[in-house]
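Basis for what follows: all heavy atoms, side chains included, without hydrogens, waters or symmetry-related copies. Chain letters run A, B, ... following the sequence lines, proteins first, then strands; residues in each count from 1. Everything quoted here is computed from the prediction, not taken from an experiment.
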2 protein chains.
Amino acid sequence: MTTLDSERFADFLRTNALKATATRRLIFREIMASSSAHLDADEILLRLRKKGKSVSLATIYRTLGLLVRSGLVGRVDLGENHAHYEREGPRAGHGHLICLSCGRVIEFADSAVQGALAQIGEEFSFRLDKFSLQIFGSCADCRR
Amino acid sequence: MTTLDSERFADFLRTNALKATATRRLIFREIMASSSAHLDADEILLRLRKKGKSVSLATIYRTLGLLVRSGLVGRVDLGENHAHYEREGPRAGHGHLICLSCGRVIEFADSAVQGALAQIGEEFSFRLDKFSLQIFGSCADCRR
DNA sequence: TTTAATGCAAACATTTTGCACCCTG
DNA sequence: CAGGGTGCAAAATGTTTGCATTAAA
């Protein structure tokens with residue numbers, strides 16, 4: 001997590017007349033700290049507990065809502081029955097390769113894909129806001 | 001729905017020692033009939049009720065499970081908090097353009113996208129089984 | 001007649017909400 | 001010290017499951 005992230009978060013709170021509480025900072029840091037983990041609400045709770053921090057699931061969900069609205073965090077569907085959350089980098093949209101054997105999630109950003117999507121937007125005269133792209137299959141390790 | 005679909009369904013049931021019940025046929029037909037509707041479990045229930053058919057939600061979910069396993073139906077996440085189901089045509093994978101204003105869902109299949117995805121698979125030495133691609137934004141009508 | 005399918009209600013899992021109390025600004 | 005934030009428990013969804021009954025093969 002960069003200082004810049006923290007400032008963006010602080011700005012967001014200030015702009016919306018929201019309070020910068022200790023609990024919010026904890027949750028925010030937990031997500032930013034594990035940029036490759038794609039945490040879910042429960043996992044965040046567990047990680048905070050392991051650090052001796054007591055936070056309620058309700059507050060985690062409420063804070064996740066704020067973070068998603070702020071644009072700092074993205075909600076992802078990885079094919080499970082609950083949402084996962086990931087740091088929304090400054091980079092453009094990206095997709096996920098999800099291994100159905102080991103559950104590993106590999107992120108990728110590909111300009112060819114992005115170009116093709118932009119093309120589709122034009123073709124249907126559809127303005128793209130964001131996209132969600134998940135590829136399910138099996139990774140190299142699991143196929144050996 | 002084609003006769004071929006019905007036969008594929010019948011075959012699937014026979015092969016797996018499952019019974020071809022009236023209820024299963026009803027549910028199956030309802031999904032196949034509305035190829036562009038992307039129904040959810042509740043919508044299927046309502047449509048069957050409107051036709052005077054009484055089916056339980058439990059059976060709808062159980063049958064949807066079968067249909068997905070058979071490959072005749074696909075489960076899609078359209079950004080709502082529940083699953084939608086669509087006829088899994090014989091065509092290759094496709095994506096959805098989802099209008100955030102009116103909720104309209106436009107399907108598209110694009111070879112450029114598919115090519116780019118195959119490329120990514122190779123790059124990461126990942127075997128692609130299927131993909132899920134949703135684009136959120138606003139359609140031409142809603143932008144007027 | 002044997003085995004699976006159905007409906008119902010209860011169980012589950014995830015996420016949201018109401019409310020009394022606490023803390024930040 | 002005013003107004004939002006928090007935890008807790010309860011509610012709201014969406015989906016699954018156990019069990020007695022019904023129906024397909």
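Counting only residues at least two apart or on different chains, the ring pair (Phe, Tyr, Trp, His ring centres under 6.0 Å) pairs with a member in residues 30-52 of chain A are H38(A)-H96(A). For residues 66-83 of chain B, there are no salt bridge (charged side-chain N to carboxylate O under 4.0 Å, His left out) pairs, not counting sequence neighbours. Sequence neighbours left out, not one pair with a member in residues 99-122 of chain A passes ring pair (Phe, Tyr, Trp, His ring centres under 6.0 Å). Within the structure, the ring pair (Phe, Tyr, Trp, His ring centres under 6.0 Å) test picks out no pair touching residues 44-80 of chain B (sequence neighbours left out).
Between D11(B) and R8(B), none of the side-chain N atoms (NZ, or NE/NH1/NH2) sits under 4.0 Å from a carboxylate O, so this pair counts as no salt bridge.
Note: CG (L66(B)) to C1' (dT6(C)) measures 13 Å, nearest angstrom. Atom CG in L26(A) sits roughly 16 Å away from atom P in dG5(D) (whole-Å rounding). Distance E43(A) CD to dT15(C) P: 13 Å, rounded to the nearest Å. The CD1-P distance, from I60(A) to dG7(D), rounds to 8 Å in whole Å. Following rounding to the nearest Å, L67(A) (CG) and dG5(D) (P) show an atom-to-atom distance of 13 Å. The distance from atom CZ of R25(A) to atom C1' of dT6(D) is 15 Å, rounded to the nearest whole Å. Separating the CZ atom of R14(B) from the P atom of dA4(C) is a distance of 18 Å, rounded to the nearest angstrom. One interatomic measurement links the two molecules: CZ of F28(B) to P of dA5(C), which rounds to 17 Å at whole-angstrom precision.
Take D40(B) and apply the side chain to side chain donor-acceptor pair (under 3.5 Å) test, not counting sequence neighbours, and it matches H82(B).
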**Asked** In the 5'-to-3' direction, what one-character label does each nucleotide of nucleotides 15-25 of chain D receive under the scheme B = base within less than 4.0 Å of a protein heavy atom, S = sugar-phosphate only, - = no such atom?
**Response** BBBB-----BS
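Applying the 4.0 Å criterion to OP1 and OP2 of dC8(D), one finds that S56(A) has every side-chain N and O outside that range. Phosphate proximity of dA5(C) to T59(B): absent, as no side-chain N or O sits under 4.0 Å from OP1 or OP2.
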